[in-house]
There are 2 protein chains.
Amino acid sequence: MATMKEIARQTGVSVSTVSLVLNNRDEGRVKPHIAQQVRQTAERLGYAPNPLARSLRTSRTKILGFISEEIATTPFAGGIILGAQDAASTLGYMMITVNTDGVSNEDDEIAALQRYGVDGFLYAKMSNRLAQIPQSITDYPVVLVDATSEGHRFPSIQPDEFRIGYDATKRLIEAGCTKIAYIGCDDDMPAQIGRLQGYRQALENAGLRFDERRTVAIGGNGPALSAVSKLFDNEGPDGFFCFNDARAWYVYECAARCGLTIGQDISVVGVDNHRVFAETLHPRLTTVELPHYEMGYWAVCRLVSEIEDRPPSSFIMPATTAQMPALDAPAPASIHCTLINKESVARQA
Amino acid sequence: MATMKEIARQTGVSVSTVSLVLNNRDEGRVKPHIAQQVRQTAERLGYAPNPLARSLRTSRTKILGFISEEIATTPFAGGIILGAQDAASTLGYMMITVNTDGVSNEDDEIAALQRYGVDGFLYAKMSNRLAQIPQSITDYPVVLVDATSEGHRFPSIQPDEFRIGYDATKRLIEAGCTKIAYIGCDDDMPAQIGRLQGYRQALENAGLRFDERRTVAIGGNGPALSAVSKLFDNEGPDGFFCFNDARAWYVYECAARCGLTIGQDISVVGVDNHRVFAETLHPRLTTVELPHYEMGYWAVCRLVSEIEDRPPSSFIMPATTAQMPALDAPAPASIHCTLINKESVARQA
DNA sequence: ATGAAAGCGCTAACAG
DNA sequence: CTGTTAGCGCTTTCAT
């Protein structure tokens with residue numbers, strides 16, 4: 001590994017000059033001619049700065065800490081991590097990802113990250129919920145991903161939950177459904193609240209009545225199926241908006257039992273917190289796709305902009321179908337989601 | 001952050017003494033009395049070493065690079081990463097995880113990891129397959145996870161593929177199945193080969209004839225389902241050993257179409273490369289559980305043992321149901337997998 | 001416009 | 001046994 005010292009020696013200048021040039025701080029301080037030479041030698045030697053040495057001096061590591069509760073348990077996290085990783089990579093950062101199962105080891109992991117001198121933290125949840133940010137990281141730049149902090153103390157990147165509910169329901173309405181059920185979540189997280197609102201709004205706009213009996217709040221496993229089953233029997237809905245794919249599964253199960261065919265007798269739209277389910281197992285499930293990759297990507301951009309104290313607008317966004325709001329939009333910023341049509345939304349004759 | 005210098009000052013000794021003590025190299029070199037004092041001050045000041053400074057000196061970072069192709073796309077990776085993370089954490093290491101989509105960015109990511117001075121690499125694949133280890137990391141300690149290198153050049157942690165096939169098939173035989181099908185993979189990876197061998201051996205041991213017509217090699221999507229469907233029609237198997245859960249799904253689909261009930265009319269055993277499927281969607285699917293967590297954990301132990309050049313036996317293994325072979329067993333070491341019985345394996349009347 | 005020198009926090013020879 | 005010294009590679013005053 002070539003060092004600055006070596007470059008300095010071979011070019012016949014001092015280390016400080018090399019440092020100046022290689023950090024692009026040479027404007028008007030080093031003769032263009034010399035600068036040119038330095039750059040050449042650096043190039044020739046295949047110079048790459050030693051991040052450790054640099055960090056030791058600057059106490060900036062260019063390492064980001066990614067804290068997530070459930071990397072292991074859900075497939076979704078990958079998309080976020082991937083996007084974050086890409087952004088980090090593009091911006092010259094590395095990411096250390098730690099997994100905190102609940103709270104037991106959270107402090108330890110954070111302490112470790114801090115010792116390694118991370119410049120800031122990403123804090124990600126599964127499904128947009130209220131997150132309790134550990135005291136220990138509040139002095140650092142922090143950006144939440146798919147999560148919300150109380151009082152919006154921290155910038156957060158989250159999907160446009162209202163829009164998810166609205167779009168999904170609208171799609172069902174367009175397909176001709178008139179008795180649309182919402183298979184929701186029994187937890188009062190922002191995701192649930194926002195999607196339910198979107199659902200109601202879409203119904204209202206279409207002149208359909210919201211009927212509480214057509215919504216279920218599902219938590220566990222056993223009761224869940226019977227709740228959906230009961231909904232089938234009592235209300236006979238012709239369309240279903242499902243909080244996520246796991247919940248959509250219950251609809252599939254019940255439909256099968258009743259001899260109904262998805263995309264023909266009833267229509268279903270799910271949200272892909274577990275898109276992998278939908279794609280592998282239920283190709284006919286129409287899905288509102290969460291922009292996980294983009295959320296990760298954007299979160300890192302936001303975080304780095306905070307760390308380096310430069311305007312967010314200077315970042316390049318990934319090519320994506322999801323529309324991004326302006327980065328300087330008031331928090332909580334939210335990302336528009338994409339609706340992927342599949343055959344499961346039948347036109348009701 | 002307290003430094004050694006500060007400790008030295010407050011204790012009235014020199015930095016070197018402090019360094020000696022705090023690195024537990026004081027045995028017979030520093031008066032126990034002094035050492036004691038040093039430790040106390042360190043404790044009092046809440047001293048934590050600065051890994052950067054240390055690394056700069058030792059060129060050991062205590063950072064491990066984890067390279068995986070598909071963190072994003074499959075849920076399985078989580079288990080491995082989690083185990084690896086835990087082991088790393090226990091052994092005082094951090095892990096930087098990078099995702100290489102195919103080969104395009106692999107070299108860049110590796111270069112980045114190298115600049116950050118990782119001490120070694122974990123190289124993980126999805127499903128045990130032959131891995132092409134990039135030239136650039138061959139000078140580092142490398143351990144493969146759920147993968148095999150040509151000629152076993154590198155130590156690798158992989159499941160006992162033969163045993164997976166053997167156990168799964170044996171389970172079906174015990175359930176009374178006589179016409180057992182193998183829904184396999186159309187790729188010649190070690191996982192496929194080993195499991196198929198196990199399948200054949202189990203049949204043979206039970207005095208059942210191996211019949212090529214009862215095996216399918218499945219690749220893509222469309223053809224896959226029809227292949228399984230044909231198998232149903234032509235051979236009418238009463239038991240199915242499926243390469244993974246995605247393939248098990250085809251069996252479910254066909255069974256449903258034929259009006260057969262899993263766990264009653266036919267029996268199914270799958271392998272959980274995607275356990276999440278099985279648990280959430282198919283509670284009745286009997287699963288051979290791959291010890292992902294353990295593989296990750298063990299891989300890191302192996303890697304660190306290489307890095308620090310100390311005997312592997314000095315590591316503490318995680319409490320686990322999966323039996324681990326001796327760490328100094330000849331490579332490739334393989335881990336025994338656990339069979340999880342569920343109702344899908346019916347006793348055939 | 002350039003270089004000398006100090007120092008980030010730590011480790012490791014080497015003296016004493 | 002303990003302290004002195006040098007230096008890892010880089011950034012950053014401060015002289016020149």
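The structure displayed is predicted, hence computed values, not measured ones.
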Give every pair of a protein N or O atom and an N or O atom of nucleotides 9-13 of chain D that lie under 3.5 Å apart, one pair per line with the distance.
from   : atom 1 : to    : atom 2 : distance (Å)
D/dG9  : N2     : A/A53 : O      : 3.3
D/dC10 : OP1    : A/Y47 : OH     : 2.5
D/dC10 : OP1    : A/N50 : N      : 3.2
D/dC10 : OP2    : A/M4  : N      : 2.7
D/dT11 : OP1    : A/N23 : ND2    : 3.4
D/dT11 : OP1    : A/R54 : NE     : 2.7
D/dT11 : OP1    : A/R54 : NH2    : 3.3
D/dT11 : OP2    : A/S19 : OG     : 3.1
D/dT11 : OP2    : A/N23 : ND2    : 3.2
D/dT11 : O2     : A/R57 : NH1    : 2.7

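Taking A/E306 as the reference, A/R302 meet the salt bridge (charged side-chain N to carboxylate O under 4.0 Å, His left out) condition, with sequence neighbours excluded. Partners of A/A299 by side chain to side chain contact (heavy atoms under 4.5 Å, CB included), not counting sequence neighbours, listed by chain and number: A/L122, A/V143, A/V145, A/I157. A/R9 meets the salt bridge (charged side-chain N to carboxylate O under 4.0 Å, His left out) test with A/E6; sequence neighbours excluded. Every residue meeting the side chain to side chain contact (heavy atoms under 4.5 Å, CB included) condition with B/T11, not counting sequence neighbours, appears here in chain and number order: B/I7, B/V13, B/Q37, B/V38, B/T41. A/R54 is linked by a salt bridge (charged side-chain N to carboxylate O under 4.0 Å, His left out) to nothing, counting only residues two or more places apart in sequence or in another chain. Scored by the salt bridge (charged side-chain N to carboxylate O under 4.0 Å, His left out) test, B/D86 finds no partners at all (sequence neighbours excluded).
The CD-P distance, from A/Q37 to C/dA1, rounds to 17 Å in whole Å. Atom CG of B/D26 and atom P of D/dT2 are 10 Å apart (whole Å).
Each end of the helix from C/dA1-D/dT16 to C/dG16-D/dC1 yields a helix axis from five base pairs, and these two axes differ in direction by 50° (to the nearest 10 degrees).
The two atoms that bring A/Y93 and A/E308 nearest to each other are OH-OE2, 2.7 Å, heavy atoms only.
Applying the salt bridge (Lys or Arg N to Asp or Glu O under 4.0 Å) test to pairs two or more places apart or on separate chains, none has a residue in residues 27-37 of chain B.
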